Number of protein chains: 2
Amino acid sequence: MEQLDEIDKKILRLLQEDAKLTTKELAAQLGLTLSPVYERIKRLEGIGFIKQYVAVLDKNLLGQPITTFCQVSMRYHDKAFINKFEEEIKKLAEVQECYHMAGQVDFLLKIHVGSLDEYHNFVKYKLSEIENIGTLNSTFVLKEIKRNLGYPVH
Amino acid sequence: MEQLDEIDKKILRLLQEDAKLTTKELAAQLGLTLSPVYERIKRLEGIGFIKQYVAVLDKNLLGQPITTFCQVSMRYHDKAFINKFEEEIKKLAEVQECYHMAGQVDFLLKIHVGSLDEYHNFVKYKLSEIENIGTLNSTFVLKEIKRNLGYPVH
DNA sequence: CGGGATAAAGAAAAATTTTCGGCATGGAAC
DNA sequence: GTTCCATGCCGAAAATTTTTCTTTATCCCG
């Protein structure tokens, strides 16, 4: 596995914030010319440090103002049931994130919907339909204080 | 507030997945020429549906393999204390997300670190240092099953 | 039927991405 | 000490994309 130098890290930090920065702008901030910056970015993409580039949308304007975290426990913990659950979850568009957790509950889901009514329907007709779910515990987000999409680059 | 037509929505769905798509490629998928696609994107940026463009990095390659969710309850709930807490949280690079929650606990934090040792130090020397914290309850992510960065576009 | 607004098309200009050859530096081998 | 090779940066040219602008078509309203 390759190692990053300070220039690579600076590129990653900047692109994490704004992927539309041109190589020209990056080069200026780094005190380099276009070529090395371009090559470094391609290298970072190639070895997988940069996985993709995405547009970040406004969930309120999209009509999805409600965020909830839902803790799910399975009734049985056979591998087959767990796999089945994970596959079903991946199909649900409302579920933005899903983590298999240590501790009391098995899974933590982050869910986005447009209204309480929609959430009710989601739980009743989609989530609860999945086999082998034991308990469900939903908590609602009142306010998003912070949402970074990137990670610290040390 | 403006309304989106099907073409706008398709553009948003595509750019949410891959922000590097050129207007040419988008135009081809939409059955349009460059101009209308270009104008629509600029409009979607202008009215705020598209907030930013970011590069998505690989947290394991970055050396940040550990994700935890930490539930925080405040001792007192004065507005001043709450605001202070939120400001302090915003400063902590390890905290990727922070939500003010309904229910038993006040805040839910998503945290990324490189090791258990680092997490220990984070809790002991950074998180716990913040005034007025009542209880802390950390649960560790065993496995990331799904992590979409976008929202469903209806 | 005409006027005006909206959206798309087409073409040209500007800027960026991508490719490529060359130059300097530094380390390894002899 | 010198030669060779690898690495990283530079600079310029080519390819592609972004951006701007003008024109055309369509639809709605008066």
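In the text below, chain A, chain B and the rest are named by the order of the sequence lines, each starting its count at 1. Fair warning: this is a prediction, and the values are worked out from it, not measured in the lab.
A donor and an acceptor atom sit less than 3.5 Å apart, one in the side chain of S35(B) and one in the base of dG10(C).
Note: F69(A) and F69(B) have perpendicular aromatic rings, judged against thresholds of 30 and 60 degrees for the angle between ring planes. Taking the six-membered ring for Trp and thresholds of 30 and 60 degrees, F107(B) and F85(B) have ring planes inclined between 30 and 60 degrees apart.
Across the protein-nucleic acid pair, I41(B) atom CD1 and dT20(D) atom C1' stand 16 Å apart, rounded to whole Å. Taking atom CD1 of I7(A) as the reference point, atom C1' of dT7(D) lies 13 Å away to the nearest angstrom. The separation between E39(B) atom CD and dT22(D) atom P is 13 Å, rounded to whole Å. L32(A) places its CG atom 18 Å from the P atom of dA24(C), with the value rounded to the nearest Å. The CD-P distance, from Q3(A) to dT7(D), rounds to 17 Å in whole Å. In this structure, CG of L30(A) is placed 15 Å from P of dG8(D), rounded to the nearest angstrom.
The salt bridge (charged side-chain N to carboxylate O under 4.0 Å, His left out) test applied to K20(A) returns no partner, not counting sequence neighbours. Every residue meeting the salt bridge (charged side-chain N to carboxylate O under 4.0 Å, His left out) condition with E87(A), not counting sequence neighbours, appears here in chain and number order: K90(A). Looking at residues two or more places apart in sequence or on another chain, you find a side-chain hydrogen bond (donor to acceptor under 3.5 Å, both in side chains) between E97(A) and Y99(A), K110(A), K110(B).
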Tabulated below should be each protein N or O lying under 3.5 Å from an N or O of nucleotides 15-18 of chain D; please produce it.
unit_1	atom_1	unit_2	atom_2	d
dT17(D)	OP2	K24(B)	NZ	3.3
dT18(D)	OP2	T23(B)	N	3.1
dT18(D)	OP2	T23(B)	OG1	2.9

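The phosphate of dG8(D) has neither OP1 nor OP2 within less than 4.0 Å of any side-chain N or O from R40(A).
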With B for base contact, S for sugar-phosphate-only contact and - for none (protein heavy atoms under 4.0 Å), nucleotides 24-29 of chain D reads ------
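The side chain to side chain contact (heavy atoms under 4.5 Å, CB included) with R40(A) is formed by just one residue from the set D5(A), L26(A), L12(A), T23(A); it is D5(A).
Applying the side chain to side chain donor-acceptor pair (under 3.5 Å) definition to pairs two or more places apart or across chains, those involving residues 100-109 of chain B are H77(B)-D106(B).
Electrostatic pairing of E88(A) and K84(A) counts as a salt bridge here, judged by a charged N lying under 4.0 Å from a carboxylate O.
Residue L127(B) holds its CG atom at 4.5 Å from CD1 of I133(B), rounded to the nearest 0.5 Å.
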